[in-house]
Undergrad: 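Below you'll find the structure I mean.
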Number of protein chains: 2
Amino acid sequence: MAKVDLKTLARELGVSVSTVSKALQDSHEISAETKARVMELAQQLHYQPNPYASSLRRQQTRNIAVIVPEVINHFFSLAIDGIESVAQASHYHVLIYQTHDSRAKEASICQHLQSGRTDGIIISLAAEPQDFTHLLQMHERGIPLVFFDRVCPLIDTARITTDDFASGFNATAHLLQQGAKRVAYLSLAPHLSIDRQRQEGYLEALRQQNLTALAQVVYCGTHETEAQQAIGQLLHSPHPPDGIFASVEKLALATYAVCQAQGWQIPQRLKVVGFANLPTAHLLNPPLSTVVQPAFAMGQQAAQTLFTCLKTRRPIPAQNVTLSAVLEPRGSSQGFGLGKTTGR
Amino acid sequence: MAKVDLKTLARELGVSVSTVSKALQDSHEISAETKARVMELAQQLHYQPNPYASSLRRQQTRNIAVIVPEVINHFFSLAIDGIESVAQASHYHVLIYQTHDSRAKEASICQHLQSGRTDGIIISLAAEPQDFTHLLQMHERGIPLVFFDRVCPLIDTARITTDDFASGFNATAHLLQQGAKRVAYLSLAPHLSIDRQRQEGYLEALRQQNLTALAQVVYCGTHETEAQQAIGQLLHSPHPPDGIFASVEKLALATYAVCQAQGWQIPQRLKVVGFANLPTAHLLNPPLSTVVQPAFAMGQQAAQTLFTCLKTRRPIPAQNVTLSAVLEPRGSSQGFGLGKTTGR
DNA sequence: CTGTTAGCGCTTTCAT
DNA sequence: ATGAAAGCGCTAACAG
C-alpha cells in the first residue's frame with residue numbers, strides 16, 4: 001500500500017498542503033466544508049501524520065524516556081505500568097532503557113538522549129556509586145528530568161519518593177515489637193538516597209529503644225550470590241541477628257533463600273521484613289511481611305508531573321512529592337505470645 | 001547550554017555542513033585531517049545528531065515498538081529485558097505499549113504505529129477475542145512484524161514461541177505420573193494460540209492414559225476475581241479434580257489463593273503445575289511446580305530477527321522459531337510413595 | 001478562507 | 001576533497 005502524506009491528500013482534493021494541514025488540526029481559519037472533505041479523505045486513506053516530520057518543526061517528539069535499573073524488578077515494572085498508562089492517555093510514547101545498575105550504562109544512555117530523541121526523562125538511579133555529571137549535563141541542557149524512588153539530591157527538579165525514613169522506622173519498630181532484639185539492616189548500596197533514608201529510620205527505631213549498640217548494617221550489593229554470601233556470613237557471625245530488615249525486595253528473597261538452604265526457621269529463629277512489591281508475598285513460606293510502595297501511583301505521578309510541564313512548556317519545578325508506603329505484617333515477622341499480627 | 005547542530009560545527013570549523021556530515025559518518029571522501037578536526041569539536045561540544053532529522057531523510061527511526069498485554073507479568077518483563085538488551089547493543093530504541101488484553105487498545109496502538117514512528121513491531125497478542133484486521137493492515141503496509149508467544153496464525157511473518165503442545169503434554173503427564181487421576185486444565189482464552197496448543201497437549205496426555213473421559217477444561221478469563229470464582233466452583237463441583245494444570249502464571253497463583261482460602265492442601269488434595277516465570281516459585285508454600293519458558297531468550301530472538309531484517313532492509317521471513325520450555329517439578333505436584341520428585 | 005513560502009536538522013546527489 | 005542545493009513531511013508566518 002502506498003504511503004499517504006499531506007501532499008497526497010492535497011493533490012487528491014485539489015487544495016494546498018497547508019490547507020490540509022490546518023484542516024487536520026481543526027484550525028479556525030478553515031471552512032467547515034473543507035475540513036469535512038479533508039477529514040473524510042484522511043480517514044479513508046488511513047492517513048497518519050509522520051510524527052518526526054512534525055517533531056522537527058515543532059521541536060517536540062511526544063516521546064519520553066524511562067530509565068530504570070531493570071524491568072524485571074516488580075517495583076519498576078509497576079512504575080512503568082503507571083507511566084505507560086498516563087502516557088497512553090496523554091498521547092505520549094514511552095522509550096524504555098535499563099541500566100542494570102551500571103553507572104557507565106546510565107551515563108551512556110543519558111549521553112544518547114541529549115540528541116532530542118525524547119522530550120523528557122523519568123529516571124530511577126543505578127545503584128553503582130556515581131558522580132552525577134551525566135545528569136547535571138542533561139539538566140543544564142534543559143532536558144526535563146523527573147526522578148522517582150532513587151533520586152539525585154544534587155539536581156533541583158521533581159522527585160517522587162516514598163517516606164523512606166518512616167518506612168524504615170516502622171519496619172524496624174515492628175520487628176522489635178514482635179520480640180526481635182538484634183535487628184540487622186540489609187543495605188543495597190549505601191550512597192543511594194533510598195538506602196540511606198531507610199537506614200536512618202532503622203537506626204532511629206533502635207535508638208528509641210536504646211538498642212543502638214546492637215545495630216548492624218550489612219552491605220549486600222546488587223548481585224544475588226554476593227548478597228547470599230553476605231547474609232550467610234551474618235547468620236554465622238558470633239552474635240547473629242534474630243531480626244532482619246531488608247531494604248529492597250531482592251535482599252528479602254535472598255534472606256529466604258539462605259534461610260531455606262541453612263534450615264533457619266522464619267520467624268521462630270529470624271523475623272524478616274522487607275521492602276517488596278511481590279504479588280506472591282502472601283503465598284510464600286512463611287508469608288513475607290512487606291513494606292509496600294505505591295509503585296504504580298509513583299509512576300503515574302512522575303509521568304503526570306512531566307507531561308504537565310511539557311504541555312505548558314514550563315521547566316520542571318524543584319519539588320519533592322512523597323507518597324506513603326504501607327507496612328503489611330505477615331507470618332515472617334510474627335512474634336509469639338503477643339497475638340497481634342494476623343499472619344496473612 | 002545552547003543546542004549544537006551540524007551548522008554550529010560547520011561555522012566553528014569554517015567548513016560546509018555537508019563536509020561535517022560526511023566526516024561524522026567517516027566517509028572516504030573526506031581527508032583524515034578534516035575528519036579529525038570535526039570529530040574533536042563534536043566530542044568537545046557533546047554534539048548529538050538529531051535522530052528525527054536524519055530519520056526523515058533516511059526513512060528509518062531506529063525505534064521499534066513492543067506491544068504486550070502487560071509489563072507487570074514476569075514473563076513479559078523478562079521478554080522486554082531480552083529485547084532491550086539486544087536493542088541497546090544494536091543501537092535501537094524500544095517503545096513500550098500495553099494492551100491490558102484489550103483488543104480495542106491493541107488496535108488503537110497499531111493504528112497509531114502506521115505513522116512511521118517505528119521501524120518495526122514486536123508483539124504478543126491481547127487475550128480478548130479478536131479479528132486481526134489491525135494486524136493485517138500493518139502487514140500490508142509493509143511494517144515489519146514479529147510475534148512472540150501469543151502469535152497470529154493468519155499473518156506470515158516471524159513467530160517466536162515455545163513448544164506449547166509438548167509442554168502441555170509433559171505437565172499433564174507429570175501430574176498423572178505423580179498420582180493425579182482427574183486433571184483439570186485452566187484456560188485463559190481458548191482462541192489464543194498458546195492456550196489452544198497447551199490444551200491440545202493436555203488432552204493428548206489424557207488420551208494416552210485413556211483418561212479422555214475425565215478431561216475438564218475450565219475457562220477462567222483474564223480477571224483475577226473471575227478466575228478465582230471459576231476455580232472455586234471447580235473445587236466444589238460434584239467430581240472435583242485432584243490435579244490442576246494452569247495454562248498461565250496468573251491462574252496458578254489464583255489456584256493457590258483459592259486453595260489457601262478454602263484450606264485445600266496442595267499437593268495432598270490437589271496437585272498443581274502451572275506455566276510460570278516466577279522468581280519466587282521455589283519459595284512458595286508449597287514450592288510451585290512450573291513450566292518455565294525461556295522468556296529472556298525469546299525476547300532476544302524476536303529482537304534479533306527484527307533487527308537483522310531491518311538492517312538488510314529485507315522483509316521479515318515467514319518462519320517459526322520454537323524454543324523449549326522446561327518442566328520444573330517441585331512440591332506442589334509431588335506424589336506419595338513414589339519418591340521421584342525433589343520438592344525443590 | 002486559502003495558498004505561497006521558508007524552514008526544522010540532516011543526508012545525498014551533483015558540481016567544482 | 002569540499003561545497004551548493006534539493007528535499008524528507010510537516011508547520012507556521014505571511015500574503016492575498
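As the structure is a prediction and not an experimental result, all values here were calculated from the model. Just so it is clear: chains get the letters A, B, ... in the order the sequence lines come, proteins before strands, and each one is counted from 1.
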Undergrad: Have B:N63 and B:Y52 got a donor and an acceptor in their side chains that come within less than 3.5 Å?
TA: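 Yes, a side-chain donor-acceptor pair sits under 3.5 Å.
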Undergrad: Going by atom types only, do A:T99 and A:D101 share a side-chain donor-acceptor pair under 3.5 Å?
TA: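 Note: A:T99 and A:D101 side chains miss the donor-acceptor criterion.
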Undergrad: How long is the gap from CD on A:Q88 to NE2 on B:H112, to the nearest 0.5 Å?
TA: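 These two atoms lie 8.5 Å from each other.
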Undergrad: Whole-Å distance between D:dC10 P and B:R117 CZ?
TA: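 After rounding, the reported distance stands at 13 Å.
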Undergrad: Just by distance, no angles: are the side chains of B:H134 and B:Q111 close enough, under 3.5 Å, to form a donor-acceptor pair?
TA: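 B:H134 vs B:Q111: no donor-acceptor pair found between side chains.
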Undergrad: Output the rounded distance in Å from CD (B:Q60) to C1' (C:dC10).
TA: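 Those two atoms, CD and C1', are 13 Å apart.
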Undergrad: Determine whether A:T162 and A:P294 make a side-chain contact, defined as any pair of heavy atoms from C-beta on separated by less than 4.5 Å.
TA: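 With C-beta onward as the side chain, the pair touches.
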Undergrad: Can you tell me the distance, in whole Å, between the CD atom of A:Q114 and the P atom of C:dG9?
TA: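 For the pair A:Q114 CD and C:dG9 P, the rounded distance is 16 Å.
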Undergrad: Does the protein touch nucleotides 2-9 of chain D at the base, only the backbone, or not at all? Give it as B, S and - per nucleotide, heavy atoms under 4.0 Å.
TA: BBB-BBBB
